[in-house]
Structure formats: C-alpha cells, structure tokens
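Please read the structure below before turning to the comments.
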There are 2 protein chains.
Amino acid sequence: MNINRKKQIIQTAAELFKENGYNAVSMRDLAEKLGIKAASLYNHIDSKEEILAEIIMDLAYSFTAHMDEVKHKKKSIVDKLKEIIEMYIDTTIQKTDFLACMNKEWKYLGEQKRNEYWELRENYEKDFLNLVAEGIERKELKKCEEKITAFSILSTLRTLYHWISKYDKIDEKLLKSSLQENLLFGIVNQKNN
Amino acid sequence: MNINRKKQIIQTAAELFKENGYNAVSMRDLAEKLGIKAASLYNHIDSKEEILAEIIMDLAYSFTAHMDEVKHKKKSIVDKLKEIIEMYIDTTIQKTDFLACMNKEWKYLGEQKRNEYWELRENYEKDFLNLVAEGIERKELKKCEEKITAFSILSTLRTLYHWISKYDKIDEKLLKSSLQENLLFGIVNQKNN
DNA sequence: AAAAAATACTAACAAGTGTTAGTTTTGGGA
DNA sequence: TCCCAAAACTAACACTTGTTAGTATTTTTT
C-alpha cells in the first residue's frame with residue numbers, strides 16, 4: 001500500500017469536491033481523473049466517506065491547535081485577532097481545496113466524524129467569541145454585538161477560498177494587511193466626519 | 001393545476017435543499033415531506049432542475065433590480081452601502097431558504113439558467129465594486145484594495161442565512177445596525193489609540 | 001530469476017436516481 | 001347527480017451510485 005498514492009487520491013478528490021461538491025462527484029469521476037478504474041481506488045481507501053474525513057479532520061484539528069496556542073498568548077486582543085486572520089489566510093492559500101471541502105462539504109461526513117468535526121468547529125467559534133468579548137471588556141474593541149461581530153469576521157475568512165481560487169496571482173502580504181484593516185478598522189474614512 | 005401546490009412544493013424543496021444540499025435530496029424525499037409519492041410531483045413541475053430554477057431565478061433578479069435602483073440614487077456612498085446591507089438582511093430574514101439555495105446550490109442549475117444566474121451575480125459584484133471605488137474617489141471611504149473590500153462585505157452578507165437559521169429569535173433592527181457598524185466602521189476602538 | 005506484495009483490472013451486485021405511462025381517486029362546477 | 005379536470009396513485013424504465021469478489025498485471029524484495 002503506497003501512501004503517496006493515497007495522498008494523491010485525497011488531493012485529487014479535494015479538488016473535485018471543491019469544484020463540484022461531494023455528492024456530485026462519483027467514485028468513477030475521481031478514478032478517471034487519476035487514470036484508473038473506480039474499483040482500484042479501494043486498494044488504497046476504505047470508502048468515499050473516508051476520503052472526505054481524511055480531507056477534513058486533520059485540517060480541523062490544526063485550526064483548533066492554532067486557536068489553543070493563540071488564546072493564551074500575552075498579546076493584545078487586536079493582535080490575537082490579527083494572528084488568527086493571518087493563519088486563516090495562510091491556510092486558505094496553501095490548502096485551498098482542503099479548506100473549501102471542510103467549510104462546504106463537512107455535512108457529508110459520516111455521523112461519527114461529523115460530530116467530532118462539529119465539536120471542534122463550535123469550540124473554535126466559542127473561543128473566537130470569547131476573544132471578542134474580552135476585547136470589549138478591555139476597551140480595545142468598541143461595544144458591539146459580540147455574536148454578530150464574530151460571525152461576520154468568520155464568514156469572511158471561511159469563504160475566502162472562493163475568491164482566492166478566482167485569481168491565480170495573489171499578493172499574500174497585501175491580502176493579509178487589507179483584510180485585517182477592513183475587518184478590524186472598517187472601511188469608512190472617519191477623519192472626514 | 002393548482003399554483004398554490006406548486007408554490008408549496010418549491011417552498012418545501014427550498015427547505016430541504018438548504019438543509020441537505022440539492023444533490024442529497026431525492027424527489028422521493030421531497031415527495032415524502034409533502035405526504036405524496038414522487039411521481040405525483042410531476043403533475044406540478046417539469047423536473048427537479050426546474051424546481052431549483054424557480055427557487056433561485058426570481059430572487060436573483062430581485063437583487064439585480066435593487067442594485068439598479070440604489071446605484072443611481074442621490075445619496076452618499078456610505079448610505080448606499082448601508083441600504084444594500086439592509087436589503088440583504090431583509091431578504092435573508094424573509095426568504096432564508098430561498099436565499100440559502102441561491103448562494104450555495106446555484107451550481108446545480110441547468111446550463112442555461114446557470115449562465116443566466118452567473119451573469120446577474122457578476123454584474124451585482126461589479127456594481128458593488130464600483131460603489132466601493134467611487135466611495136474611495138470621493139474620499140468617503142479609506143484607500144483600500146477594492147476587490148478585497150467588496151469580497152469581504154459580500155461574503156458576510158451571503159452567508160448570513162447560515163447564522164440566522166441558528167437562532168430563532170432575531171432582533172432585526174439590532175442585526176442591521178450592528179452589521180452596518182461592523183462592516184463599515186470596523187470593530188476596533190480607535191479613540192484609545 | 002523466483003516469490004511476494006502491491007495495485008491495477010473486469011464483472012457484477014444491490015440500492016437508489018429522475019422520470020414516464022397508464023390508472024385510479026378526489027373535489028368542485030354544470 | 002353527473003362530469004371533467006386536477007392530482008393522486010402503482011409500476012416500471014433506464015441509468016448511476018458505492019462497493020465487493022475474483023483475477024491479472026506490475027513492482028518490489030529476496
């Protein structure tokens with residue numbers, strides 16, 4: 001069992017799932033893109049569902065790990081938020097297909113993995129929410145509806161893959177600084193008011 | 001042919017599509033939720049694809065219509081953006097299921113409708129982008145990467161349905177003002193810097 | 001070069017898909 | 001009450017789905 005072949009299958013599956021959605025991609029589609037027959041896939045993987053789990057779960061854990069790392073750092077809340085944004089952008093650029101699958105196809109994980117994933121996701125959101133709340137307490141952030149604020153930033157980050165795959169050339173630094181500026185400081189020129 | 005029955009089918013389909021995705025919902029699933037057999041659906045609709053088109057196309061045109069209306073108004077850019085945000089929130093609240101289908105299932109429209117939809121969507125984005133660009137010109141908005149800014153706001157609006165269906169009680173006014181504040185003026189308390 | 005292991009293949013399965021044809025039931029207007 | 005259209009039904013179709021069994025081929029190890 002060649003592990004590289006398995007990785008290749010998963011990578012190819014991620015591309016297809018991102019483009020067409022998990023349910024619209026058949027094992028025969030996947031096999032064809034790899035130049036083999038569908039049945040041959042089963043020498044390397046157990047099921048279609050397993051492929052999706054392989055795509056999603058590691059990535060989900062890496063987000064959790066990063067959040068756990070950041071939240072205990074001795075930094076301002078604004079800097080923590082910046083770091084989270086930066087990490088999300090990095091991951092989106094480096095693992096576009098995997099991230100797209102995670103954020104739009106997780107519903108099709110088998111029940112067990114889906115629950116596991118969901119817990120990670122909920123905790124990530126809670127941690128994010130807590131950061132916002134703490135930022136308000138410390139008066140680093142304006143008073144605001146924490147849930148709405150958290151949602152709005154996470155929405156942008158989670159769908160970033162959509163825009164990134166539209167353009168083939170991305171100025172990573174520009175993207176990071178622009179997004180941080182927009183999400184944290186807004187877009188209205190307040191000097192003129 | 002009772003037109004109310006057709007509307008009922010489309011509404012029920014929208015709920016299912018939003019929840020499980022177009023491809024994961026079979027005509028038998030849809031029929032069952034309506035208390036009939038799958039074949040009976042075809043007394044009211046021509047195909048599964050038609051249902052999706054009925055869900056999406058009207059809504060897409062209403063967004064285009066609203067944008068056409070707003071962009072020629074004599075208002076500040078900030079107020080135009082506020083109005084667009086407000087309209088998006090209204091629609092998300094009133095037609096949650098339809099909007100969810102539009103924003104996450106449009107890929108499964110038949111080729112013709114898909115192209116038609118795509119054009120509307122691209123034009124909407126272009127108009128939005130132009131508003132941002134004009135705002136910068138007029139110095140109402142800060143200098144920024146217009147594309148990134150436009151993307152970031154539209155992302156939030158497009159995935160709002162996701163959050164709204166999580167909570168059953170929404171303070172509409174609060175949601176509108178909070179989101180406008182966050183998206184346009186940012187979240188960082190700049191008085192303290 | 002022989003043996004073993006990995007990976008491809010063909011063929012087929014049971015179940016599920018959207019849809020059609022033909023028939024029965026339902027319900028409101030003459 | 002009879003009629004007719006609307007809308008439900010049963011049965012079946014052709015096709016696609018994920019997956020398995022069994023076999024051939026290729027690659028690696030000895």
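Note that the coordinates shown come from a computational prediction; the quantities given were computed from them, not determined experimentally. All values below come from the heavy atoms of this structure, side chains included, with hydrogens, waters and symmetry mates left out. By convention in this document, chain letters (A, B, ...) are assigned in the order of the sequence lines, proteins followed by strands, and residues within each chain are numbered from 1.
- In terms of phosphate contacts, Arg28(A) brings no side-chain nitrogen or oxygen within less than 4.0 Å of OP1 or OP2 of dT19(D).
- Regarding Leu30(B), its CG atom lies at a distance of 14 Å from the C1' atom of dT17(C), rounded to whole Å.
- In terms of phosphate contacts, Ser26(A) brings a side-chain nitrogen or oxygen within less than 4.0 Å of OP1 or OP2 of dT17(D).
- Between Lys176(A) and Glu172(A) there is a salt bridge, since at least one side-chain N of the basic residue sits less than 4.0 Å from a carboxylate O of the acidic one.
- Taking the ring centre of Phe128(A) as origin, the terminal cationic atom of Lys80(A) falls outside the region bounded by 6.0 Å and 45° from the ring axis.
- One interatomic measurement links the two molecules: OH of Tyr42(B) to P of dG22(C), which rounds to 18 Å at whole-angstrom precision.
- For the pair Glu32(B) CD and dA8(D) P, the interatomic distance rounds to 15 Å; values are reported in whole Å.
- At dG18(C), one or more side-chain N or O atoms of Lys48(B) fall inside 4.0 Å of OP1 or OP2 (strictly under the cut-off).
- Note on ring orientation: taking the six-membered ring where Trp is involved, the planes of Tyr88(B) and Phe63(B) are tilted (angle from 30° to 60°).
- Both Ala39(A) and Ala24(A) lie near DNA chain D, and the one whose nearest nucleotide falls closer to the 5' end is Ala24(A).
- Atom CG of Leu41(B) and atom P of dA7(D) are 12 Å apart (whole Å).
- Summarising the geometry, the separation between CD on Glu50(A) and P on dT20(D) is reported as 12 Å, rounded to the nearest angstrom.
- OP1 or OP2 of dC9(D) lies within a sub-4.0 Å distance of a side-chain N or O belonging to Ser40(B).
- Put simply, Leu129(B) and Ile84(B) are part of two different groups of oily side chains (I, L, V, M, F, W, Y) that touch within less than 4.5 Å, one to the next.
- The interatomic distance linking Lys37(B) (NZ) with dA12(D) (P) rounds to 15 Å, in whole Å.
- Regarding contacts with the backbone of dA6(D), every side-chain N or O of His44(B) stays at 4.0 angstrom or more from both OP1 and OP2.
- A donor-acceptor contact under 3.5 angstrom links the side-chain atoms of Asn43(A) to the base of dA8(C).
- Residues Met102(A) and Phe98(A) form no side-chain contact, since every pair of their non-hydrogen atoms from C-beta on lies 4.5 Å or further apart.
- Across residues 14-21 of chain B, not one residue has a non-hydrogen atom less than 4.0 Å from an atom of DNA chain C.
- Leu160(A) and Leu174(A) fall into different hydrophobic clusters, where Ile, Leu, Val, Met, Phe, Trp and Tyr residues are linked whenever their side-chain heavy atoms come under 4.5 Å apart, directly or through other members.
- With a 4.5 Å cut-off on side-chain heavy atoms, Leu179(B) and Phe151(A) count as touching.
- Between Ile36(A) atom CD1 and dT10(C) atom P the separation is 12 Å, expressed in whole Å.
- Between the CG atom of Leu34(A) and the P atom of dC9(C) there is a distance of 11 Å, rounded to whole Å.
- Side-chain proximity of Met27(A) to the nucleotides dA8(D), dG18(D), dC9(C) is greatest for dG18(D).
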